[in-house]
Amino acid sequence: MSAIRYELIHTCKQTGARYGKLHTPHGTYETPMFMPVGTLATVKTLSPEDLKEMGAGIILSNTYHLWLRPGDDLVKEAGGLHKFMNWDQGILTDSGGFQVFSLSKFRRIEEEGVYFRNHINGDKLFLSPEKAIQIENNLGADIIMSFDECPPIPATHEYVKDSIERTSRWAERGLEAHANPDKQALFGIVQGGEYLDLREQSAKDLMSLDFPGYSIGGLSVGEPKETMYNVLAHLNPILPTNKPRYLMGVGSPDALIMGSILGVDMFDCVLGTRIARNGTVMTSNGRVVIKNAKYARDFGPLDENCDCYACKNYSRAYIRHLVKCEETFGIRLTSYHNTYFLLNLMKQVREAIKNDRLGDFKEEFFAKYGLNDANSRGF
RNA sequence: GCGAUUGUGGUGAAGUGGUUAACACAUCUGAUUGUGGUUCAGACAUUCGAGGGUUCGAUUCCCUUCAGUCGCC
């Protein structure tokens, strides 16, 4: 018995996008959904109460980071991640595979796992599929990820083929090591870079292991958007319709809409909260770099069409001042707004799917930014 | 009043008798996609306190002047 269940409720007649519900041990959530990222058991600057208030469902946390600090055994001792951070909604943990790829300059990938040095003090570390699952079991998230290798784009076909085959073997090992599949759903991660044949092979290999959900990894690593959309379009008819599909690390507004159209149910991304901390917000009229001098005397809200806490109470001029002075309240307000914006965008996407008009919604949304091309940068 | 010393962009400062006057911070623009609040990229002194002189050429040498700092009466 799987810990989660995906229920496909409606398919958009205009685009084929999926509206559904994801039932987890900590609540049921409508999809497609955006999951805010809280790497170190907190969405930076936001409290769990804030997240609840803005309607966040599942949030992400991270195996690698929590393993190093404060340690998964400590989290287990605290009663698990939900209790530790006072979040009674869904949690998903990433496996650490991506961090090995993105944070460590020195790493040696072997069949049994990866040797690398941590990003804090350079200590030698070793992470394997079994070890990652063990940590994730201790953390206790509702949805957990297989330990994968995230190859760069570009990489040779030969390299990526070896890589996905190893990642599939790792996925199988993780499945065997998994202690409580009835409480935590383990997802396999489809890799394959930009090669459609390898993406297909990766998906089919993982599907033969019958995971309760499938992640699509290794995208948004610097490739053109078109490459990503091609991969999604290819995988869409291959992946099972009765399981959730999770596109990892993607979350610019245009990619969220395009991903939904291409059959994705779940997204996560640090983009919104990261650019928030650097003084940029997403608005219904496009990106606004609130740090810019032109907003010094702009006493209107961040987004005139937004009714979030930040927009209802504070002006661009005030927020710009706070951000310029590196006051923490400033980046809290921008983080709040961007997270709200992305959650709200997905709400609109779901409504559009239910009304069979996601294609129209996409056109309207893109037009507002002056985008008429799915491959445009957007944000 | 006398003596010494220093004057380089918003700030702190390098530097040289000879094409675009280091660097840092600040400022101004971009960027950031399974998160170190990080990091990266670019812009920013027609000009070296002011005036005069020497020189082919002076921010650099000389004179005057102004301003600051320290010391002495």
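Heavy-atom basis, side chains included; hydrogens, waters and symmetry copies ignored. The chains referred to below are lettered A, B, ... by the order of the sequence lines, with proteins before strands, and numbering in each begins at 1.
You'll find that the side chain of A:Lys324 is closest to B:U27, out of B:U32, B:U27, B:G34. The side chain of A:Leu103 lies closest to B:G36, out of B:U32, B:U29, B:G36. Listed candidates were B:U32, B:U29, B:U27. Nearest to the side chain of A:Ala293 is B:U29. Closest to the side chain of A:Lys44, out of B:G37, B:G36, B:G34, is B:G37. Set against B:U32, B:G37, B:U29, the side chain of A:Ile331 has B:G37 as its closest nucleotide.
B:C28 sits 43 Å from B:U65 when the P atoms are compared, rounded to a whole Å. Using P as the reference atom, B:C25 and B:U38 are 13 Å apart when rounded to the nearest Å. B:C44 and B:U20 have their C1' atoms separated by 14 Å, given to the nearest Å. B:A22 and B:G34 have their P atoms separated by 38 Å, with the value rounded to a whole Å. B:U54 and B:G12: their C1' atoms are spaced 34 Å apart (whole Å). The gap from the C1' atom of B:U11 to that of B:G71 amounts to 29 Å, rounded to the nearest Å.
For the pair A:Lys354 and A:Tyr19, the cation sits on the ring face: its NZ or CZ lies under 6.0 Å from the ring centre, inside 45° of the axis.
Side-chain atoms of A:Asn344 and A:Gln348 include a donor-acceptor pair closer than 3.5 Å. For A:Tyr246 and A:Asp268, the side-chain atoms include at least one donor-acceptor pair closer than 3.5 Å. Between the side chains of A:Asn292 and A:Arg320, no donor N or O sits under 3.5 Å from an acceptor N or O. In summary, the side chains of A:Ser252 and A:Asp254 do present a donor paired with an acceptor at a separation below 3.5 Å, with no hydrogens or angles considered. Using modelled atom types and a 3.5 Å distance limit, the side chains of A:Ser284 and A:Asn305 yield a donor-acceptor pair. Between the side chains of A:Ser47 and A:Asp50, at least one donor N or O sits under 3.5 Å from an acceptor N or O. Inspection of the A:Asp360 and A:Gln14 side chains reveals an N or O donor paired with an N or O acceptor under 3.5 Å.
RNA chain B lies under 4.0 Å from at least one heavy atom of each of the following residues of residues 131-154 of chain A: A:Asp148, A:Cys150. Non-hydrogen atoms lying under 4.0 Å from RNA chain B are contributed by A:Gly218, A:Ser220, all within residues 209-220 of chain A. For RNA chain B, the residues of residues 191-202 of chain A within the heavy-atom distance limit of 4.0 Å (strictly under) are A:Gln191, sorted by number.
Nucleotide B:A31 holds its C1' atom 13 Å from the NZ atom of A:Lys225, rounded to whole Å. Nucleotide B:G36 holds its P atom 8 Å from the CG atom of A:Asn62, rounded to whole Å.
Checked by atom type and distance alone, the side chain of A:Asn62 pairs as donor or acceptor with a backbone atom of A:His65 at under 3.5 Å. The backbone N or O of A:Arg357 sits nowhere less than 3.5 Å from a side-chain atom of A:Asn355 that would complete a donor-acceptor pair. In this structure a side-chain-to-backbone donor-acceptor pair under 3.5 Å is present from A:Thr167 to A:Glu149.
The partner of B:G3, taking Watson-Crick or G-U wobble pairs whose two distances both stay under 3.5 Å, is B:C70. Under the Watson-Crick and G-U wobble criteria, each requiring two contacts below 3.5 Å, nucleotide B:A24 is paired to B:U11. The nucleotide B:U47 finds no pairing partner, because no Watson-Crick or G-U wobble arrangement with both distances shorter than 3.5 Å includes it. Of all nucleotides present, only B:G53 satisfies the Watson-Crick or G-U wobble test against B:C61, with each distance under 3.5 Å. For B:U16, there is no paired nucleotide, since no Watson-Crick or G-U wobble pair has both relevant distances below 3.5 Å.
The six-membered or imidazole ring of A:Phe267 lies away from that of A:Phe34, with a centre-to-centre distance of 6.0 Å or more. Aromatic pair A:Phe329/A:Tyr314: ring centres closer than 6.0 Å.
At the phosphate of B:A31, OP1 or OP2 sits under 4.0 Å from a side-chain N or O atom of A:Arg287. Under 4.0 angstrom from either OP1 or OP2 of B:U29 there lies at least one side-chain N or O belonging to A:Asn292.
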Identify each atom pair where a protein N or O and an N or O of nucleotides 38-40 of chain B are less than 3.5 Å apart, giving names and distance.
| unit_1 | atom_1 | unit_2 | atom_2 | d |
| --- | --- | --- | --- | --- |
| B:U38 | O4 | A:Asn278 | ND2 | 3.2 |

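Looking at residues two or more places apart in sequence or on another chain, you find a salt bridge (Lys or Arg N to Asp or Glu O under 4.0 Å) between A:Glu130 and A:Arg173.
Using a 4.0 Å heavy-atom distance criterion, A:Leu60 is classed as a sugar-phosphate-only contact. Counting non-hydrogen atoms under 4.0 angstrom, A:His119 reaches a base of the nucleic acid. Within 4.0 Å of A:Ser102, counting heavy atoms only, lies no atom of the nucleic acid at all.
Residue pairs satisfying the ring-ring contact (aromatic ring centres under 6.0 Å, His included) criterion with at least one member in residues 172-210 of chain A, sequence neighbours excluded, are listed as follows: A:His157-A:Tyr195.
Of the inter-residue distances, the one linking A:Met207 atom CE with A:Glu200 atom CD reads 9.5 Å to the nearest 0.5 angstrom.
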